[in-house]
Amino acid sequence: MGLIHAEIELINAEDIGLARKNYIGDDEIKKIRIDMLVDTGSYNLCINEEIQVQLQLPFVEKRSAYTADNRLIEMDVVGPVFVKFKNRTTSCLAMVLPGNSEPQLGAIPLEDMDVLIHPQRQELIVNPDHPYMSVMTLK
């Protein structure tokens, strides 16, 4: 199976809260649509520094993580960020990869949105067993 990419919308969740309280207008909510690598080998949402600058997500903490080539690096964790794919959404924190590294949609947000990789079509799809809304297992 090749690399799977999907068009994902990322939205600054704090801006959504500010807009709900009428501190900013809906047109001032920082958001971006990007082509992301769907990476089930990665746990979290990973954005790069360029996306972080555009969304202006607040710093939460520093974390260490192993890269694909087994290097241990320290990264900023920012958020919260809303993640949208088709009729699915989730909110999560994001790890900030250095420079303009390829952003990755990891297993935790994938599970939370109840989406799947279709191996024959090599694309991200909404779970056909639950086409209208995500369904979670609580056990």
Side-chain angles (χ1 to χ4, degrees):
M1 182 163 57
L3 299 176
I4 309 297
H5 288 84
E7 187 173 310
I8 305 294
E9 185 174 25
L10 302 177
I11 307 165
N12 183 318
E14 283 194 350
D15 284 357
I16 292 173
L18 292 172
R20 285 183 182 149
K21 294 177 183 177
N22 294 317
Y23 292 124
I24 65 172
D26 287 342
D27 59 328
E28 297 175 87
I29 296 172
K30 289 176 277 312
K31 58 179 94 174
I32 185 172
R33 289 184 88 65
I34 56 171
D35 186 57
M36 294 188 83
L37 174 65
V38 179
D39 186 0
T40 58
S42 177
Y43 292 118
N44 297 310
L45 174 70
C46 297
I47 62 173
N48 60 39
E49 291 172 346
E50 292 177 7
I51 295 168
Q52 163 58 11
V53 167
Q54 289 182 11
L55 292 178
Q56 298 176 12
L57 298 164
F59 173 83
V60 175
E61 65 182 351
K62 291 247 185 223
R63 283 192 196 164
S64 294
Y66 285 100
T67 61
D69 60 359
N70 210 30
R71 289 180 298 123
L72 184 64
I73 61 172
E74 188 174 81
M75 297 187 290
D76 288 350
V77 176
V78 297
V81 58
F82 276 122
V83 180
K84 285 187 170 186
F85 173 74
K86 299 198 179 195
N87 67 341
R88 302 302 165 93
T89 62
T90 188
S91 62
C92 59
L93 299 176
M95 299 184 83
V96 182
L97 298 167
N100 65 349
S101 300
E102 183 172 28
Q104 303 170 10
L105 185 62
I108 293 172
L110 290 169
E111 281 286 323
D112 198 42
M113 290 190 292
D114 193 19
V115 294
L116 306 170
I117 293 174
H118 191 293
Q120 288 177 320
R121 297 191 328 225
Q122 294 195 18
E123 68 180 2
L124 188 65
I125 62 167
V126 168
N127 187 339
D129 292 338
H130 316 124
Y132 304 111
M133 63 190 304
S134 60
V135 176
M136 306 305 301
T137 301
L138 299 177
K139 55 182 178 176

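Residues take their numbers from the sequence shown, with the count starting at 1.
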Assess whether atom NZ of Lys30 is packed by more than 12 heavy atoms of other residues, nucleotides or ligands within 6.0 Å.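 Check passes, neighbour count above 12.
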
Taking every non-hydrogen atom, the tightest pair across [X] and [Y]:
X	Y	result
Phe85	Val115	CD2-CG1, 3.8 Å
Leu116	Pro128	CD1-CD, 3.8 Å
Asn48	Ile51	OD1-N, 2.9 Å
Leu72	Ser64	CD1-CB, 3.8 Å

With hydrophobic residues grouped by side-chain heavy-atom distances under 4.5 Å, do [X] and [Y] end up in a single group?
X	Y	answer
Val60	Leu97	yes
Phe59	Met75	no
Met36	Ile117	yes
Phe82	Tyr23	yes
Tyr43	Leu45	no

Calculate, to the nearest 0.5 Å, the distance between atoms [atom1] and [atom2] belonging to [X] and [Y] respectively.
X	Y	atom1	atom2	value
Leu18	Glu28	CG	CD	9.5 Å
His130	Asn87	NE2	CG	12.5 Å
Asn127	Ser134	CG	OG	9.5 Å
Leu110	Leu124	CG	CG	6.0 Å
Glu50	Ile32	CD	CD1	9.0 Å
Met113	Met136	CE	CE	10.5 Å

Checking Gln52 now: which residues fulfil side chain to side chain contact (heavy atoms under 4.5 Å, CB included) with it, not counting sequence neighbours?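 Here the qualifying residues are Ile47, Leu57, Val78, Val96.
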
Find out whether Cys92 and Ile108 are in side-chain contact, i.e. whether some heavy atom of one side chain is under 4.5 Å from a heavy atom of the other.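 Of all side-chain heavy-atom pairs linking Ile108 with Cys92, none is under 4.5 Å.
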
Heavy-atom distance under 4.5 Å between the side chains of Leu37 and Cys46, does that happen here?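 No, their side chains stay 4.5 Å or more apart.
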
How would you list all residue pairs meeting salt bridge (charged side-chain N to carboxylate O under 4.0 Å, His left out) that involve residues 68-79, not counting sequence neighbours?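 Every pair satisfying salt bridge (charged side-chain N to carboxylate O under 4.0 Å, His left out) with a residue in residues 68-79: Lys62-Asp76, Asp69-Arg71.
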
Tell me whether Arg88 contacts the main-chain N or O of Asp114 through its side chain, where contact means a donor paired with an acceptor under 3.5 Å.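 Answer holds: yes.
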
Side-chain donor-acceptor contacts of residues 2-13 below 3.5 Å, not counting sequence neighbours, with atom names and distances?
from  : atom 1 : to     : atom 2 : distance (Å)
His5  : NE2    : Glu102 : OE2    : 2.6
Glu7  : OE2    : Arg33  : NE     : 2.8
Glu7  : OE2    : Arg33  : NH2    : 3.2
Glu9  : OE1    : Arg33  : NH1    : 3.4
Asn12 : OD1    : Glu14  : N      : 2.9
Asn12 : OD1    : Asp15  : N      : 3.1
Asn12 : ND2    : Leu55  : O      : 2.8
Asn12 : ND2    : Gln56  : O      : 3.3

